[in-house]
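I have placed the structure first, in the form of structure tokens, so that the comments after it can refer back to it.
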Amino acid sequence: MNNPQSSATDSNAQTQESELRPSPLSVAEARRAEAVGRHIVLKGWVRTRRDSKAGFSFIEINDGSCFGNVQVIADSHLPNYESEIKRLSPGCSIAVTGSVKASPGKGQATEVQAAEVAVLGTADVESYPLQKKGHSLEFLRTIAHLRPRTNTFGAVARVRNCVCNSIHQYFQERGFIYVHTPVITASDCEGAGAMFQVTTLLDKQRSPLPKAPEAENATPAPGLDFSLDFFNRPAYLTVSGQLEAETFACGLGKTYTFGPTFRAENSNTPRHLAEFWMIEPEVAFCDLYGDMELAEGLLKRIFSDVLEKCAEDMQFFNERIDKTVIEILQHVIGSQFLRVSYTEAVDILNSSGQKFEFPTAWGNDLQAEHERYLTEKHFGQPVILYDYPRTIKPFYMRVNDDGRTVRAMDVLVPKVGEIIGGSQREERLDVLEARMREQGLDPAGYWWYVDLRRYGTVPHAGFGLGLERVIQFITGMANIRDVIPFPRTPGNAEF
RNA sequence: UCCCCGAUAGCUCAGUCGGUAGAGCGAGCGGCUGUUAACCGCUAGGUCCAAGGUUCGAGCCCUUGUCGGGGAGCCA
């Protein structure tokens, strides 16, 4: 950004300045060998302290900038050594002024010789819940406000950040437009499960409920009168931005959304949340095959970015959480996702000799056990299943020429299961309206969506990628509640 | 929502046949040490999830509830 001349000047100035005033450094920077010799200020939280009777203490501090800690050497002649430093315990926040040195010990390249250790905040060792070692993920979930200070959740947060960045880059590099679809929607049936209602009717000061029955003498309806509601109609939290994204794709070409999504299902599993983040690309002039290529390319890009940019975090997951994650990611990056039609999949399952709790028959939706068998046992790698029976898929999926199947696809991965669900959209006006009626929906209620087929319709396709499920797959974290900062599940909205 | 399992020290767990409570880690104190999941010794720490029931007697058996975990469904 600057010319070489001025950057040389800057570095001179920096050298001079470092003798006068310490420069703020992150733990990540201080741990690099290049930092040796620098006069710095380091701020973070104490992870552990070890005292040596030789007259100093080791203080490991972490500031979230990387997985590892930096070791601070605090000599006993520091004025607050007995009064404060020797009382430092996990969770205390401190600011260390000192110099970075090459470490004579094993396990780290550098350490910081403290000239001053200022205690910013103490953490009472009797009441602070995080101890030096061994906490279950279940316990940490009960202290979600403190778990960002642990190795595991720090690593998850950095990986999550990397994944999000990677997703944006992948689409931006390909000319996709990032579209913000509404969080509040009036489309009450997008075929994606129960919805949370958004209403101000329960706020008595705004709009007393009994109004409607009194006004008309008719039998008082037990429900609420939504014509009095904020939006003059029932409104909900979105379960998908797809329908709105299609409107932008049919005008801007290549689009994607990335935002929160809500499902009011009473589902209690390690793979479901009531509030989660979803990425939904929507592409005009794209068929199902292009959709599959986009999905495969996206996943591979995410995986290789994480392996490269979060190497230390991934090493941790591979050692402590799931000893296969790195190997699996590398394997997935290097191999082509298999493409198997639903019909082929059913044949494979029928001739597998495997006993399933639910029988496999053409026309039935695949059960979790079937998907798991295919991706984990039969193929042992990610699989894209496509062309599902029309009877088990929503109205917007394009009907194939056979009339029995639709252009749907699911990307299945080992352990997590369905990570992506997508389809080529039905672009033919008459077929779309027929499909809506077939599923008991009134096309008039979707007039703006149907208009996309009435005016300048084009083939288009898209999919939904569950952010948390991708992170689960990458990190090996078994429970989805541990890959989102503040999980929302039935009965759980603390924090 | 359905099925199965669990809840005991701050944390992770053991607790035999129904006879009134144990370990490791953590904490406090002491020792030792360029340490790094440090190590060694001592000490403190309990409404055994809640309510009810059976019993001379319940951490243990029975009932209900709450919370957590796994599986299923819904899906991403």
Side-chain angles (χ1 to χ4, degrees), chain A residues 47-61 68-75 87 89-91 101 103-108 111 113 124-143 150-151 190-195 239-242 260-280 295 319-320 356-358 365-372 392-394 410-413 416-422 463-473 478-484 489-492 494:
Chain A
R47 283 296 177 81
T48 177
R49 191 200 81 237
R50 295 177 293 274
D51 301 323
S52 169
K53 279 298 187 307
F56 55 89
S57 291
F58 300 99
I59 308 165
E60 283 195 37
I61 70 175
N69 308 324
V70 71
Q71 177 168 282
V72 172
I73 313 298
D75 281 318
R87 294 179 186 174
S89 55
K101 296 184 166 179
S103 176
K106 291 175 185 170
Q108 65 268 328
E111 62 189 29
Q113 181 70 46
D124 175 41
V125 80
E126 293 292 339
S127 58
Y128 186 63
L130 291 174
Q131 301 170 353
K132 232 176 199 172
K133 283 313 291 179
H135 291 295
S136 67
L137 297 171
E138 291 83 1
F139 172 68
L140 292 175
R141 234 170 270 154
T142 68
I143 49 167
T150 64
N151 285 336
E190 296 174 7
M195 305 175 86
V239 293
S240 165
Q242 179 197 319
T261 306
F262 308 87
R263 303 280 162 87
E265 300 289 348
N266 187 12
S267 52
N268 206 322
T269 84
R271 291 177 295 281
H272 290 85
L273 290 166
E275 177 182 298
F276 62 99
W277 288 66
M278 191 154 65
I279 296 92
E280 296 180 287
E319 281 167 16
R320 294 297 181 91
F356 296 109
E357 190 184 343
F358 296 93
D365 210 351
L366 296 178
Q367 303 290 317
E369 56 173 342
H370 304 140
E371 296 183 344
R372 224 181 299 120
I392 59 172
K393 290 293 182 185
D410 283 353
V411 180
L412 310 179
V413 296
V416 176
E418 185 184 341
I419 202 169
I420 282 178
F463 61 81
L465 168 66
L467 176 64
E468 285 76 16
R469 289 190 180 172
V470 176
I471 299 169
Q472 276 191 279
F473 180 72
N479 196 310
I480 200 167
R481 300 169 190 206
D482 298 327
V483 296
I484 188 168
T489 53
N492 190 348
E494 184 92 22

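Basis for what follows: all heavy atoms, side chains included, without hydrogens, waters or symmetry-related copies. None of these values were measured; they are calculated from a predicted model. Note on naming: letters A, B, ... go to the chains in the order of the sequence lines (proteins, then strands), and numbering restarts at 1 for each one.
- The phosphate of B:A27 has neither OP1 nor OP2 within less than 4.0 Å of any side-chain N or O from A:Q131.
- Between B:U12, B:A72, B:U1, one nucleotide has an atom nearer to the side chain of A:R271 than all others, and that is B:A72.
- At whole-Å resolution of the value, CD in A:E494 and C1' in B:C67 are 13 Å apart.
- On the C1' atoms, B:A44 is 10 Å away from B:C29, given to the nearest whole Å.
- Within 90° of 0 lies the glycosidic angle of B:U20, which makes this nucleotide syn.
- Remark: the backbone N or O of A:D482 is not paired with any side-chain donor or acceptor of A:R141 at under 3.5 angstrom.
- A:I471 is not listed as a side-chain neighbour of A:R469, based on a closest heavy-atom distance of 4.5 Å or more.
- Distance from the side chain of A:N479 is smallest to B:G69 among B:G73, B:G69, B:A76.
- For the pair A:D482 CG and B:G68 P, the interatomic distance rounds to 13 Å; values are reported in whole Å.
- A straight line from CD of A:E418 to P of B:G73 spans 12 Å, rounded to a whole angstrom.
- Base pairing analysis places B:C49 opposite B:G65; the two distances defining the Watson-Crick or G-U wobble pair are each below 3.5 Å.
- Comparing B:G70, B:C11, B:A72 by their nearest atom to the side chain of A:H135 picks out B:C11.
- One can place CZ of A:R47 at 16 Å from C1' of B:G26, the figure rounded to the nearest angstrom.
- Contact check for A:R50 versus A:S57: no side-chain heavy atoms found under the 4.5 Å cut-off.
- Going from the P atom of B:C13 to that of B:C32 covers 37 Å, rounded to whole Å.
- Residues A:G491 and A:L465 each lie close to RNA chain B; by heavy-atom proximity, the contact nearer the 5' end of the strand is made by A:G491.
- B:C61 sits 23 Å from B:G46 when the C1' atoms are compared, rounded to a whole Å.
- When distances are taken from the side chain of A:T269 to each of B:A76, B:A72, B:G68, the shortest belongs to B:A72.
- Atom pair A:Q472:CD and B:C75:P shows a separation of 18 Å (rounding to whole Å applied).
- B:A9 and B:G24 have their C1' atoms separated by 12 Å, given to the nearest Å.
- A:L130 has its CG atom 15 Å from the C1' atom of B:C25, to the nearest Å.
- Looking at heavy-atom distances under 4.0 Å, A:P270 makes contact with sugar-phosphate atoms alone, never a base.
- Contact check for A:E357 versus A:Q367: no side-chain heavy atoms found under the 4.5 Å cut-off.
- Salt bridge A:D410/A:K393: present, at least one basic N to carboxylate O contact under 4.0 Å.
- Residue A:D124 contributes atom CG, which lies 12 Å from atom C1' of B:G28 at whole-angstrom precision.
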Which letter, B, S or -, goes with each nucleotide of nucleotides 35-51 of chain B from 5' to 3', with contact meaning a protein heavy atom under 4.0 Å?
BBBS-------------
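- In summary, the side chains of A:R47 and A:N151 do present a donor paired with an acceptor at a separation below 3.5 Å, with no hydrogens or angles considered.
- Checked against salt bridge (Lys or Arg N to Asp or Glu O under 4.0 Å), A:E468 has the following partners two or more places apart in sequence or in another chain: A:R160.
- The phosphate of B:C75 (OP1 or OP2) has no side-chain N or O of A:S267 nearer than 4.0 angstrom.
- One C1' atom belongs to B:G19, the other to B:C48, and the distance between them is 16 Å to the nearest Å.
- Taking atom C1' in both B:C49 and B:U66, one finds a spacing of 8 Å when rounded to whole Å.
- With RNA chain B read from its 5' end, the first of the two nearest nucleotides for A:F56 and A:I419 is the one closest to A:F56.
- Between A:L130 and A:P90 the shortest side-chain heavy-atom distance does not fall below 4.5 Å.
- Taking the side chain as every heavy atom from C-beta outward, A:E60 and A:E111 never approach each other to under 4.5 Å.
- Atom C1' of nucleotide B:A9 and atom CZ of A:F139 are separated by 13 Å, given to the nearest angstrom.
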